[in-house]
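Worksheet: one structure, shown below.
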Amino acid sequence: MRIATWNVNSVRRRLDHVVRFVEQWQPDVLCLQEIKVSTESFPGLDLAQLGFTHQVVNGQKGYNGVAILSRLPFEDDETRQWCGKDDARHAAVRLKDSLMIHNFYVPAGGDTPDPEANEKFAHKLDFLAEMQDWARNENLAGQKAVIVGDLNVAPLENDVWNHKRLKRSVGHTPLECEQMLAFWQAGQLTDLGRRFFPEPEPLYSWWGYRYAQAFAKNYGWRLDHVLTTPPLAEAVKALSYARETRSWDQPSDHIPVVLDLA
DNA sequence: ATGACTTGTAATACAAGA
């Protein structure tokens, strides 16, 4: 079984890329973030034609938004609010044999890494704290669960192209990195990115648009993560990064990360 | 050397991404 996660930066703008990725990689489940469309306007028929006849969409107009698309039926699905906001940052499904898939889009956090001066950063820290509480309260570690998404934190030194330079930048500050690792510990989560590609190897899933040579020079960040709980340890077979998509015409700034489960 | 870009909204800038 193959599960992919991808921040597509607008599912309507990138629909051709989604089709191309699905044809080449054949995921059974595709978790999207930043669909940037209301649930009503989501292009569900186009995606159903790819075989994803089971869909849960948590969208809103203009910003954010997540979706889980599947060839396999859901036994249950859920979209819940975080930090008391109805801002379309999470969706979850339960497949057969109680396999849970959680798809997150964690707040980016704005420009200034100071929760007093920047309410977006405060929101991001609150969100990360709530994820820790959730992992404990739901006994995430005891479930068969896959957590994926754009978590908007690159927690390890080699998760950014220049640790020394970027440790003051939102997404790689010590406080965010601590909070992300605390979430992983709260759920006893395995960081599959680093299980398959250990430090100090550079490992990235995002290259910004603003610097045109970012991808060519590999000035990237690892913001997109795939995490699994202890009951799934034996089932994890492989993890892949679909780097080629970043070279396609008018790409998303993120690439897909692909998990193979037995 | 993360800006210099890209998106959606709405009407020619602005917010947001990170």
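Model, not experiment: these values are computed from the prediction. The sequence lines fix the lettering, A, B, ..., with proteins before strands; numbering per chain opens at 1.
Ion pair A/D260/A/K237 not flagged as a salt bridge, since none of the NZ, NE, NH1 or NH2 atoms sits closer than 4.0 Å to an Asp/Glu carboxylate oxygen. Ionic pairing of A/D126 and A/K85 is not present here: no N-O contact between side-chain nitrogen and carboxylate oxygen is shorter than 4.0 angstrom.
Note on A/W207: nothing from the nucleic acid sits closer than 4.0 angstrom, heavy atoms only.
Each of A/L166 and A/I35 was assigned the nucleotide of DNA chain B with the nearest heavy atom; the assignment lying further toward the 5' end belongs to A/L166.
Hydrophobic clustering places A/L223 together with A/L239 (ILVMFWY residues linked when any side-chain heavy atoms are closer than 4.5 Å, directly or through intermediates).
Atom CG of A/D249 and atom P of B/dT6 are 10 Å apart (whole Å). A/L15 has its CG atom 14 Å from the P atom of B/dT7, to the nearest Å. Summarising the geometry, the separation between OH on A/Y204 and C1' on B/dT2 is reported as 14 Å, rounded to the nearest angstrom. B/dC5 atom P lies 12 Å from atom CD of A/Q213, rounded to whole Å.
Residues A/Q33 and A/N103 bring a donor and an acceptor atom of their side chains to less than 3.5 Å of each other.
Between A/R14 and B/dT6, a side-chain N or O to OP1/OP2 separation shorter than 4.0 Å is absent.
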Can you build the contact string for nucleotides 9-18 of chain B? Use B for base contact, S for sugar-phosphate-only contact, and - for no protein heavy atom under 4.0 Å. SS----BSBB
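The gap from the C1' atom of B/dA15 to that of B/dA10 amounts to 12 Å, rounded to the nearest Å. A gap of 15 Å separates the C1' atoms of B/dT2 and B/dA16, to the nearest Å. Taking atom C1' on both nucleotides, B/dT7 is separated from B/dT12 by 16 Å, rounded to a whole Å.
Less than 6.0 angstrom separates the ring centroid of A/W82 from the ring centroid of A/F104.
With sequence neighbours excluded, no residue forms a ring-ring contact (aromatic ring centres under 6.0 Å, His included) with A/F196.
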